[in-house]
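Worksheet: the structure to be examined is printed underneath.
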Amino acid sequence: MLIRIYRENPRGWVVVTVCFFALSVVSATRSSLSVVMPSLQADLGWSRSFISSVAAWGLVTMAITAPFSGNLLDKWGPRTIFVAGLIATFLGLTATAFIQAPWQFLLTFSLLAGIGFGTVAKSMVAATVAFHFTERRGLAMGLSAAGSTAGHLALLPALAFILTTLGWRYGYVFLGLSCLVLIPFVWLLIGDAARRRRAQEPATPEGLGTRLGYLFRNPTFLLLLCSYTICGFTTAGVVETHLVAYVVTCGIPVVVGATAYGVLAAFNMGGMALAGYLTDKMNRPLLLGIVYIARGLSFILLMLLPSGDALPVFLFAMMFGLFDYASIPVTTSLVASHIGLRIMGLALGILGMFHAGGAAVGAFLGGFLYDLFQAYDWVWIGCIGLSLSAGIMAWAIRESPEAGDAVRGPAVAPAAS
């Protein structure tokens, strides 16, 4: 069966494979600070709050970069954009290996590497894969997006080994070279087929202002935008920032929390692949609503942790992990069909920007509410309520026969120049 699926679209599956590895490497480098933080504190004497702020500013750079990268992807194609992103990440990480002052860290990691993080991102990968598939589009996007978790499982342990044997500076050289190695594969194997495919679509607005106006007048896009912002708040914002800290406050050893996070990452991969498969088989708004609501209900398990029993955190890791990134292939498929491939890069770039913005708010509010109440209860209650509202928004989207046409774009006349 796998051979038959590959033979249906060999070129497309090659693109999926390349995007998987590119996203694996860049996603792992973005998360490297969690591993390197103690070494930076010991070597350079920087506070944990400063190092955390570097990660936060990198997230801001990602948010700002995403819509510009998406717009350029629509115009120039993914090959050029991904190569530029990998070069920026390589330069930023390699330069980070030589930093001595705080401003240098902000410049190399938060700004330069942050541009690469926002360019080789899940939204850009999803837009690229969508260009190459009509059948099995959801499955393809789910498998390529799984690279964002695979990198954590593969590269971060390697980084930890290099850190303990050679030091954190060699670790960043290793991560930078990992990006450099991918560049010829991206250039040779992704190609310009996406640009030719886009040129075959019906005309859409060409001016940036007109394109943005079209998006923000589209009811489906607005519903996806609001729900995806909530997605960022609950996942990259709250869980990725506060889960292990919450486990420790409940009297459970940090190694248990770290292990649970590894379980969550493993279930992420399976959840994305399963959601991608189901995207091709069932009503997509129904599926997206189920993902958000199930994700919200999983937070109830975290509210059982103060009992000191570690079992709920592993149950949460499995349940939340299954639905964590599962929203990506469904959301991307709805953008492709309801908005069109011609402006898909810009649309997903804006979604990525709001997702990162929601994550920044979630990370901040999680800490603020904990300092205010000395407990995370209101954080989890808020995540439950927001996730349920995101599910209702998803169910408000209409799934129509026209929306299933994977090639069709919005029939909008080009703006006058």
When rounded to the nearest 0.5 angstrom, what distance separates OG in Ser389 from CD1 in Ile293?
9.5 Å

Quick one, Arg284 with Ser337, criterion side chain to side chain donor-acceptor pair (under 3.5 Å). Give me CA distance, side-chain angles, the key distance, then yes/no.
CA-CA 11 Å; Arg284 293 171 294 171; Ser337 59; 2.9 Å; yes

Trp168 side chain vs Val36 backbone, donor-acceptor pair below 3.5 Å:
no

Do Cys19 and Val15 touch side chain to side chain, with heavy atoms closer than 4.5 Å?
yes

Counting C-beta onward and ignoring hydrogens, is there a side-chain heavy-atom pair between Phe20 and Val125 closer than 4.5 Å?
no

State whether the side chain of Thr332 and the backbone N or O of Pro329 hold a donor-acceptor pair below 3.5 Å, judged by distance alone.
no

Check side chain to side chain donor-acceptor pair (under 3.5 Å) between Thr220 and all other residues, then give those that pass, not counting sequence neighbours.
none

Passes side chain to side chain contact (heavy atoms under 4.5 Å, CB included), Val335 versus Leu224? Steps please.
CA-CA 8 Å; Val335 170; Leu224 291 173; 3.8 Å; yes

Is the Phe354 ring parallel, tilted or perpendicular to the Phe216 ring (thresholds 30°, 60°)?
tilted

For side chain to side chain contact (heavy atoms under 4.5 Å, CB included), just list the numbers for Cys231 and Arg295, CA-CA rounded to whole Å, side-chain angles, deciding distance to a tenth of an Å, and then say yes or no.
CA-CA 9 Å; Cys231 175; Arg295 182 192 296 172; 3.3 Å; yes

Tell me if a side-chain donor or acceptor on Thr279 pairs with a main-chain N or O of Ala275 at a distance below 3.5 Å.
yes

Without swapping roles, check the side chain of Ser110 against the backbone of Val54 for a donor-acceptor pair under 3.5 Å.
yes

All heavy atoms of Ala140 vs all of Val129, minimum pair found to be CB-CG1, 3.6 Å

Nearest 0.5 Å, please: how far is CE in Met344 from CG in Leu351?
9.5 Å

Suppose we screen for side chain to side chain donor-acceptor pair (under 3.5 Å). Which residues come up paired with Thr119, at least two apart in sequence or across chains?
Ser69

Test side chain to side chain contact (heavy atoms under 4.5 Å, CB included) applied to Phe90 and Ser178, step by step:
CA-CA 8 Å; Phe90 160 70; Ser178 298; over 6 Å; no

Check whether any side-chain heavy atom of Thr61 lies under 4.5 Å from a side-chain heavy atom of Ile115, and answer yes or no.
yes

With rounding to the nearest 0.5 Å, note down the distance linking CG in Leu223 to CG in Leu334.
10.5 Å

Does the ring center of Tyr370 lie less than 6.0 Å from the ring center of Trp378?
no

What I'd like to find out is whether the side chain of Met303 reaches to under 4.5 Å of the side chain of Ile381, using heavy atoms alone.
yes

At what distance, to the nearest 0.5 angstrom, does CG of Leu288 lie from CG of Leu278?
12.5 Å

Under a 4.5 Å cut-off applied to non-hydrogen side-chain atoms, are Met282 and Glu399 in contact?
no

Would you please indicate if the ring centroids of Phe109 and Phe117 are separated by under 6.0 Å?
yes

My understanding is that only one of Val238, Ile230, Thr235 makes a side-chain contact (heavy atoms from CB on, under 4.5 Å) with Cys383; could you say which?
Val238

Between CG of Leu222 and CD1 of Ile397, what distance do you get to the nearest 0.5 Å?
10.0 Å

Between CG on residue Leu177 and OH on residue Tyr170, distance to nearest 0.5 Å:
12.5 Å

Look at the rings of Phe320 and Phe316 and say which category their plane angle falls in: under 30° parallel, 30 to 60° tilted, over 60° perpendicular.
parallel

Applying side chain to side chain contact (heavy atoms under 4.5 Å, CB included) to Leu302 and Tyr376, what does each step give before you reach the verdict?
CA-CA 9 Å; Leu302 285 184; Tyr376 277 100; over 6 Å; no

Could you go step by step and tell me if Phe82 and Trp187 meet the ring-ring contact (aromatic ring centres under 6.0 Å, His included) rule?
CA-CA 8 Å; Phe82 280 180; Trp187 183 260; over 10 Å; no

Given side chains that start at C-beta, do those of Arg211 and Asn71 come closer than 4.5 Å, heavy atoms only?
yes

Applying the ring pair (Phe, Tyr, Trp, His ring centres under 6.0 Å) criterion to Phe105, which one of Trp46, Trp57, Tyr172 satisfies it?
Trp46

Parallel, tilted or perpendicular: which describes the rings of Tyr228 and His355, with under 30° parallel and over 60° perpendicular?
tilted

By side chain to side chain contact (heavy atoms under 4.5 Å, CB included), Leu215 pairs with (sequence neighbours left out) Phe221, Ile339, Ile343, Leu346, Ala347, Ile350

